[in-house]
Amino acid sequence: QVALLDVDICGPSIPKMMGLEGEQVHQSGSGWSPVYVEENLGVMSVGFLLSSPDDAVIWRGPKKNGLIKQFLRDVDWGEIDYLIVDTPPGTSDEHLSIVQYLSAAHIDGAVIITTPQEVSLQDVRKEINFCHKVKLPIIGVVENMSGFICPKCKNESHIFPPTTGGAEKMCQNLNVSLLGKVPLDPQIGKSCDKGQSFLSEVPESPATASYRSIIQRIEEYCHQHHFPEEKMI
């Protein structure tokens with residue numbers, strides 16, 4: 001039983017990626033009901049509260065924080081095994097709010113996403129530093145768009161060259177785990193745009209194998225650091 005909470009208030013992309021655009025949030029006596037992709041996967045996002053997917057959310061910090069608190073307090077998730085929180089890039093209001101509001105609930109940790117080039121790694125080092133400062137454990141780093149494997153010849157090309165050694169080198173330097181590398185696959189973007197499961201659509205892709213390996217490593221980490229409460233990423 002998995003709950004997916006989208007706290008990217010200004011750029012909520014989860015409804016689109018999950019094939020839930022146009023869905024509405026319903027309120028019951030026990031709070032807001034999540035929108036379900038499948039019986040065991042519930043989703044909540046500010047995208048469900050907008051009249052159009054093109055509407056801009058022009059909010060200052062306090063209003064963002066209020067909505068995140070409401071998502072955590074008023075959504076009736078039911079009995080869940082995992083609460084996965086999708087945050088925007090950076091280290092701003094959304095991240096501080098989640099860490100603060102869930103401090104008593106023992107967050108298992110953060111999964112940090114980067115791409116191979118130094119411009120991306122520069123930001124990710126700041127995010128790792130943020131996690132250390134707020135005492136948020138780091139489950140590990142995922143390198144996305146890590147080389148392109150040609151579907152015909154199977155050769156790998158670096159579209160985004162890892163000029164400073166990529167995520168692998170950074171993880172060694174900062175003593176954090178590298179969970180895996182996801183190769184660049186145009187089908188991933190296509191699946192996200194269509195709201196389809198990439199793993200179901202392209203089960204033989206090298207990227208699918210990489211995803212499955214990363215998921216397994218996250219599960220193993222959560223089981224090793226198990227708390228009686230549900231697991232939160």
Item to check | Under 3.5 Å donor-acceptor, H223 side chain and I218 backbone | outcome: no

Checklist entry - Are V124 and L184 joined in one hydrophobic group, where the rule is that I, L, V, M, F, W and Y side chains link up if heavy atoms are under 4.5 Å apart? => result no

Item to check | Closest non-hydrogen atom pair between Q1 and N40, with its separation | outcome: OE1-CA, 3.5 Å

Next on the checklist: Side chains of L50 and V57, heavy atoms from C-beta outward: is any pair under 4.5 Å?
Outcome noted: yes

Next on the checklist: Would you say that F48 contacts P15 through its side chain, given a criterion of any heavy-atom pair below 4.5 Å between the two side chains?
Outcome noted: yes

Checklist entry - Rounded to the nearest 0.5 Å, what separation is found between the CG atom of D123 and the CD1 atom of I112? => result 12.0 Å

Item to check | Spacing of L96 atom CG and T91 atom OG1 [to the nearest 0.5 Å] | outcome: 7.5 Å

Checklist entry - Given the rule that I, L, V, M, F, W and Y join up when any side-chain heavy atoms are under 4.5 Å apart, are V176 and V182 in one cluster? => result no

Checklist entry - Which pairs count as salt bridge (Lys or Arg N to Asp or Glu O under 4.0 Å) when at least one residue sits in residues 7-16, sequence neighbours excluded? => result K16-E21

Checklist entry - Does CZ belonging to R73 count more than 12 external heavy atoms closer than 6.0 Å? => result yes

Checklist entry - Would M44 and V25 count as a side chain to side chain contact (heavy atoms under 4.5 Å, CB included) if you check the C-alpha gap in whole Å, the side-chain angles of each, and the deciding distance to 0.1 Å? => result CA-CA 8 Å; M44 181 55 73; V25 170; 3.8 Å; yes

Item to check | Verdict with supporting geometry, E156 and F148, side chain to side chain contact (heavy atoms under 4.5 Å, CB included) | outcome: CA-CA 5 Å; E156 186 175 359; F148 170 70; over 6 Å; no

Checklist outcome for this item: Heavy-atom nearest pair, P203 first then T208, reads O-CG2, 3.6 Å

Next on the checklist: As an exercise, state the distance from CG of N65 to NZ of K69, rounded to the nearest 0.5 Å.
Outcome noted: 8.5 Å

Next on the checklist: Can you confirm whether the side chains of S205 and D185 place a donor and an acceptor under 3.5 Å from each other?
Outcome noted: yes

Next on the checklist: Between Q100 and V134, is there a side-chain heavy-atom distance shorter than 4.5 Å?
Outcome noted: no

Checklist outcome for this item: Note: S177 and I139 closest approach over all heavy atoms is CB-O, 3.8 Å

Next on the checklist: Does D86 form a side chain to side chain contact (heavy atoms under 4.5 Å, CB included) with V7? I'd like the steps, not just the answer.
Outcome noted: CA-CA 6 Å; D86 178 46; V7 299; over 6 Å; no

Checklist outcome for this item: Heavy atoms of V99 and I107 approach each other most closely as CA-CD1, 4.2 Å

Checklist outcome for this item: Taken in chain and number order and not counting sequence neighbours, the residues that satisfy salt bridge (Lys or Arg N to Asp or Glu O under 4.0 Å) with E127 are none

Checklist entry - Between the main-chain N or O of G47 and the side-chain N or O of S45, is there a donor-acceptor pair closer than 3.5 Å? => result yes

Checklist entry - Measuring from I98:CD1 to L5:CG, what's the distance to the nearest 0.5 Å? => result 5.5 Å

Item to check | Residue Q27 excluded, over 12 heavy atoms near CD under 6.0 Å | outcome: yes

Item to check | Flag side-chain contact, heavy atom, 4.5 Å: W59 against L67 | outcome: yes

Checklist entry - Given side chains that start at C-beta, do those of C10 and K64 come closer than 4.5 Å, heavy atoms only? => result yes

Item to check | Pair I149-N155, side chain to side chain contact (heavy atoms under 4.5 Å, CB included): steps then yes or no | outcome: CA-CA 6 Å; I149 298 171; N155 281 340; over 6 Å; no

Next on the checklist: According to salt bridge (Lys or Arg N to Asp or Glu O under 4.0 Å), who are the partners of E220, at least two apart in sequence or on a separate chain?
Outcome noted: none

Checklist entry - Does one side chain, of S191 or E201, offer a donor that lies under 3.5 Å from an acceptor on the other? => result no

Item to check | CD-CD distance between Q117 and E143, expressed to the nearest 0.5 angstrom | outcome: 9.0 Å

Checklist entry - If we only count heavy atoms from C-beta on, is the H26 to W32 side-chain gap below 4.5 Å? => result no

Next on the checklist: S52: which residues meet the side chain to side chain contact (heavy atoms under 4.5 Å, CB included) condition with it, sequence neighbours left out?
Outcome noted: D54, D55

Checklist entry - In terms of hydrophobic clusters joined by side-chain contacts under 4.5 Å, are L174 and Y221 together? => result no

Next on the checklist: Please check this pair: side chain of R217 against backbone of L178, looking for a donor-acceptor N/O pair closer than 3.5 Å.
Outcome noted: yes

Next on the checklist: Could you see if V141 belongs to whatever hydrophobic cluster contains L136? Use Ile, Leu, Val, Met, Phe, Trp, Tyr and a side-chain cutoff under 4.5 Å.
Outcome noted: no

Checklist entry - Which distance, rounded to the nearest 0.5 Å, do you find between the CG of D93 and the NZ of K63? => result 14.0 Å

Item to check | Working for side-chain hydrogen bond (donor to acceptor under 3.5 Å, both in side chains), residues Q122 and S120 | outcome: CA-CA 5 Å; Q122 212 168 44; S120 177; over 6 Å; no

Item to check | All ring-ring contact (aromatic ring centres under 6.0 Å, His included) counterparts of F160, not counting sequence neighbours | outcome: none

Next on the checklist: A side-chain contact here means heavy atoms from C-beta on lying under 4.5 Å apart; do Y36 and L41 qualify?
Outcome noted: no

Item to check | Over all atoms of both residues, closest heavy-atom pair of G180 and I214 | outcome: CA-CG1, 3.9 Å

Next on the checklist: Let's go through E118 and K169 carefully: what are the C-alpha distance in whole Å and the side-chain angles of both, what is the deciding distance for salt bridge (charged side-chain N to carboxylate O under 4.0 Å, His left out) to 0.1 Å, and is it a yes or a no?
Outcome noted: CA-CA 11 Å; E118 177 57 26; K169 181 72 173 166; over 6 Å; no

Checklist entry - More than 12 foreign heavy atoms under 6.0 Å from CG of N175: is that the case here? => result no

Checklist entry - Is a side-chain donor-acceptor pair under 3.5 Å present for S33 with D76? => result no

Checklist entry - So, do P183 and S146 sit near enough that their side-chain heavy atoms are less than 4.5 Å apart? => result no

Item to check | Counterpart residues, side chain to side chain donor-acceptor pair (under 3.5 Å), relative to E168 (two or more places apart) | outcome: K181

Next on the checklist: Would a single hydrophobic cluster contain both V37 and F71, if residues Ile, Leu, Val, Met, Phe, Trp and Tyr are joined by side-chain heavy-atom contacts under 4.5 Å?
Outcome noted: yes

